Amino acid sequence: MTETGRYGEIYRRWQADPEGFWAEAALAIDWISPPQRIFDASQGAYGRWFPDATCNTCFNALDRHVRDGRGEQPALIHDSPVTGTKAVFSYAQMLDEVGALAAVLQDLGVGKGDRVVLYMPMVPEAAFAMLACARIGAVHSVVFGGFAAKELATRIEDAKPRVILAATCGIEPSRVVEYKPLLDQAIDLSAHKPQTCLILQRPQAEASMHATRDKNWRMLVAAAKAQGRRAECVPVAATDPLYILYTSGTTGKPKGVVRDNGGHMVALKWTMDNLYGVKPGEVMITASDVGWVVGHSYIVYAPLIQGATSVLYEGKPVGTPDAGAFWRLIAEHKAVVLFTAPTAFRAIRKEDPEARLLPAYDLSHFRALFLAGERADPDTLVWAQDILKVPVIDHWWQTETGSPIVGNPIGLELLTVKPGSPTVPMPGYDVQCVDEGGRPVPPGTMGAIVIKLPLPPCALPTLWQADERFVESYLAAFPGYYNTSDAGFIDADGYVFIMGRTDDIINVAGHRLSTGGMEEVLASHPAVAECAVVGIRDALKGEQPCGFVVLKSGITQSPDAVERELVALVREKIGPVAAFRLALTVGRLPKTRSGKILRATMKKIADGEDYAMPATIEDPAVLDEIGLALKAKGLG
Ligand SMILES: CCC(=O)SCCNC(=O)CCNC(=O)[C@H](O)C(C)(C)COP(=O)(O)OP(=O)(O)OC[C@H]1O[C@@H](n2cnc3c(N)ncnc32)[C@H](O)[C@@H]1OP(=O)(O)O
């Protein structure tokens, strides 16, 4: 079915001539000097795209639309049920805001190549800040607000920002999360100190300012505007970094995924036309967070590069005020597509299983729901399809790729939806399923999902100042291929199925988290002798972390008290986003005779699945003890 039709034709065109394909896609971008060379295989770890071109991403996201007559069209709509406010920014207004903020950044000494860390909630200023950095060639690094001070400090230390932009708080439905104390603590913890912090005071939490380091965002931007000062777009190489976005690694040290300017724009524009099918002037809602790659690509950059309107939603799928929140957003803003994580739909279904809140809204203009961030379970996908009566498109990609690897390109044609599969590889991606030795496996057989090099435009060229770690993490396991660290299979029709990870990363509510990082935190508790964290099945969040701990002998504290402290410690060190609520004290951990902890078997016991007794297990009786400990907490 994928051999014929528009998708098959386009995919084969890319296979036959990848450089020709991307050269044509690049025509949709306004370059300062257009690429003469499309790909240089001799540069970087696997080659670089558009190596001789220069451009500016902010120009493509804002200036050119104003130039071309879209100045009055809404670019960004901020819809914030948690503050009870809404605001619309036209392309002209957004250009004005971004130009003024960029001038302020220049006044603070920020120039091309300097890093700027953003610690921001879902406010329009977060998007302005990203674009202001892009405008002057600075490299932004957004840190998700649900991370604690220590995680922020690690990122500050690695990115070494000249300036940090932060708001005083984020607003969760149940509480105001004060960012400023977390920021101050992170700067104390970090060996690198920024010169300046530009602080956006929010009325929900006015923060006190550091006498020399902190500056008032609104006052400086207002002054720049009053003086009529706006920064011009600075030309950058297409291969210059636009941003660094940290993602969980297998240890506590996150990996700084680098995104370049040129390839990013080309690929995002292609996906808006061909995958999402969103046209200039139409409205797209991506209910994620600017701290994740989904937010970077499909709240900020792609809709704006396309000349569409993006809705920045500061709220939740349920509870702000109810499970009809997404229907209200779609109806009110006339959105043609909504993109969110399956967890959001599981939450809506839990609250309103009959979708009783839906008929109150006119969704006649709505064309498709896109899901990504975690595996879309067929049950949830079919439920969403039944209630919305539009195609529900699961698609699969990663922070590393910046845009979809596998999807259903409704802009080209709607392919048959097979629940459980994100559909087929997008042009640029030669996706294969291989065994441990890198040999292709037959259709329908589980294996490692890998991508033949080179990766396409938009995918990461390297990790921030860690070329060797990049090669070791992604290219070394299967020479000639990028290792996605996802496992799954490809069926006889070429549909890809992603079933889980091959490393110790878990996915909790669409958030990628390192169990290794959590183990480091648990092990730092003075009562803990050893520990193992596994992701166990969770009906709402997909997975939840579960920490098994063995206490040191002679500990007088009760296991319950230690477990409570461990839960609090993970929240304090990693942040609420880890959703770590389960710590279980056990007498010992199951291990092989060589001392390897049998995490996969522990996970199966916790998920209530059958398991084969590992041949090399040191003492099979430990598995019963694990089962009993889980039962005592109502699990397994
Ligand atoms: C394709 C490439 C990718 O995968 S990029 C990643 C894509 N992932 C996503 O877009 C994430 C999708 N998930 C979500 O949007 C949320 O989890 C949804 C579904 C809305 C549910 O949110 P919520 O009910 O808050 O649960 P949660 O598990 O996200 O939160 C756990 C605790 O963390 C907190 N939290 C959340 N966000 C923030 C924030 N920005 N600042 C501060 N705290 C935050 C939540 O309040 C929650 O705290 P608590 O434990 O309940 O006290």
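Here the structure is a predicted model, which is why all the values come from computation and not from measurement. Numbering of ligands and ligand atoms starts at 1, following listing order.
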When you look at NZ of Lys633, are more than 12 heavy atoms from neighbouring residues, nucleotides or ligands closer to it than 6.0 Å?
-> yes
So does Lys150 pair up with Glu520, basic N to acidic O under 4.0 Å?
-> no
So which residues, sorted by chain and number, lie with a heavy atom under 4.0 Å of ligand 1?
-> Phe144, Gly145, Gly146, Glu172, Arg175, Val177, Tyr179, Ser288, Asp289, Trp292, Val293, Val294, Lys316, Pro317, Ala341, Thr343, Ala344, Gly373, Trp397, Ala509, Gly510, His511, Lys541, Arg571, Pro576, Val577, Arg581
Quick one: do Arg202 and Glu314 make a salt bridge, cutoff under 4.0 Å?
-> yes
Shortest non-hydrogen pair, Gly494 vs Val424, comes out as O-CG1, 3.8 Å
Taking all non-hydrogen atoms of both residues into account, name the closest pair between Met120 and Leu165 and its distance.
-> SD-O, 3.8 Å
With sequence neighbours left out, what residues match Lys253 under side chain to side chain donor-acceptor pair (under 3.5 Å)?
-> Asp158
